[in-house]
Asks: 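Here it is, the structure, as structure tokens.
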Amino acid sequence: MKFRDLAWLVGLLEGEGSFGLNPTKGKHYARISLGMVDRDVVARAAHLMEVRLLGPYGPYSANRQAFYEAHVDGLAAKKMMRTLLPFMGKRRKAQICRVLTLAR
């Protein structure tokens, strides 16, 4: 991944992403999640993270917009987290370290 793409992804995930555990069949796997209404932004992030763009979901009411998601799971998520870690803020670093410690 080019550095400018990595920098863009870091900024996006710092503000809009989440780093957590995905419980599957009693095991906890690392997961990076992104969800928002801007299809083009989520599509670019999905491409950079090498996952599928999911959605659109909704809209579920007249005053809402459809939204899109991208998720990275398991070993790929752990690898991506290690790449992102040095560039993240204090709070996100703590989340990522927690996930890397607890995830299978």
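Note that the coordinates shown come from a computational prediction; the quantities given were computed from them, not determined experimentally.
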Asks: Check whether any side-chain heavy atom of Met49 lies under 4.5 Å from a side-chain heavy atom of Leu9, and answer yes or no.
Replies: yes

Asks: Please report the closest heavy-atom contact between Pro23 and Leu21, naming both atoms and the distance.
Replies: CD-O, 3.4 Å

Asks: If you define the side chain from C-beta out and look only at heavy atoms, does anything of Leu6 sit under 4.5 Å from Leu84?
Replies: yes

Asks: Check the hydrophobic clustering (I, L, V, M, F, W, Y; side-chain heavy atoms under 4.5 Å; chains of links allowed) and say if Tyr29 and Leu102 are grouped together.
Replies: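 No, Tyr29 does not connect to Leu102 through the hydrophobic network.
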
Asks: Heavy atoms only: give me the nearest Ala45-Leu12 pair and the separation to one decimal.
Replies: CB-CD2, 3.8 Å

Asks: Apart from Val37 itself, which Ile, Leu, Val, Met, Phe, Trp or Tyr residues share its cluster (side-chain heavy atoms under 4.5 Å, direct or through members)?
Replies: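 In the cluster with Val37 are Leu54, Tyr57, Tyr60, Phe67.
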
Asks: State the CZ-NZ distance between Phe19 and Lys78, to the nearest 0.5 angstrom.
Replies: 15.5 Å

Asks: Looking at Lys79 and Gly74, would you say the former's side chain and the latter's main chain have a donor-acceptor pair under 3.5 Å?
Replies: no

Asks: Is any side-chain heavy atom of Tyr68 closer than 4.5 Å to a side-chain heavy atom of Asp38?
Replies: no

Asks: Could you tell me whether the side chain of Met81 reaches within less than 4.5 Å of the side chain of Leu100, counting heavy atoms only?
Replies: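 A side-chain contact exists here, since the closest heavy-atom pair is under 4.5 Å.
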
Asks: Quick one: closest heavy-atom pair of Ala30 and Ala103, and the distance?
Replies: N-CB, 3.6 Å

Asks: Give me the atom names and distance for the closest heavy-atom approach of Val51 to Ala70.
Replies: CG2-CB, 4.1 Å

Asks: Got a second to check how far Leu53's CG is from His47's NE2, nearest 0.5 Å?
Replies: 12.5 Å

Asks: Looking only at heavy atoms, which two atoms of Ala66 and Pro56 are closest? And how far apart?
Replies: CB-CB, 3.8 Å

Asks: Are Leu34 and Glu69 packed together at the side-chain level, in the sense that at least one heavy-atom pair is separated by less than 4.5 angstrom?
Replies: no

Asks: Using atom types as modelled and distance alone, determine if a side-chain donor or acceptor of Arg92 lies under 3.5 Å from a backbone N or O of Glu14.
Replies: yes

Asks: Under a 4.5 Å cut-off applied to non-hydrogen side-chain atoms, are Arg31 and Val72 in contact?
Replies: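 No, their side chains stay 4.5 Å or more apart.
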
Asks: Could you grab the distance from atom CZ of Arg39 to atom CZ of Arg44, nearest 0.5 Å is fine?
Replies: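 Interatomic distance, Arg39 CZ to Arg44 CZ, rounded to 0.5 Å: 15.0 Å.
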
Asks: Rounded to the nearest 0.5 Å, what separation is found between the CZ atom of Arg98 and the OG1 atom of Thr101?
Replies: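 With rounding to 0.5 Å, CZ (Arg98) is 9.5 Å from OG1 (Thr101).
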
Asks: Minimum heavy-atom separation for Met88 to Lys93, with atom names?
Replies: O-CE, 3.0 Å

Asks: Within the structure provided, determine whether Cys97 and Leu85 are in side-chain contact (heavy-atom separation under 4.5 Å).
Replies: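 Counting from C-beta outward, Cys97 and Leu85 do come under 4.5 Å.
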
Asks: Counting C-beta onward and ignoring hydrogens, is there a side-chain heavy-atom pair between Ser33 and His71 closer than 4.5 Å?
Replies: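 With C-beta onward as the side chain, the pair touches.
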
Asks: Show, in sequence, the C-alpha distance, side-chain angles and deciding distance for Asn22 and His28, and conclude whether the side-chain contact (heavy atoms from CB on, under 4.5 Å) test is met.
Replies: CA-CA 5 Å; Asn22 179 22; His28 290 81; over 6 Å; no

Asks: Is it the case that one hydrophobic cluster holds both Val99 and Leu75, taking links as side-chain heavy atoms less than 4.5 Å apart, direct or via other members?
Replies: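 In one cluster: no.
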
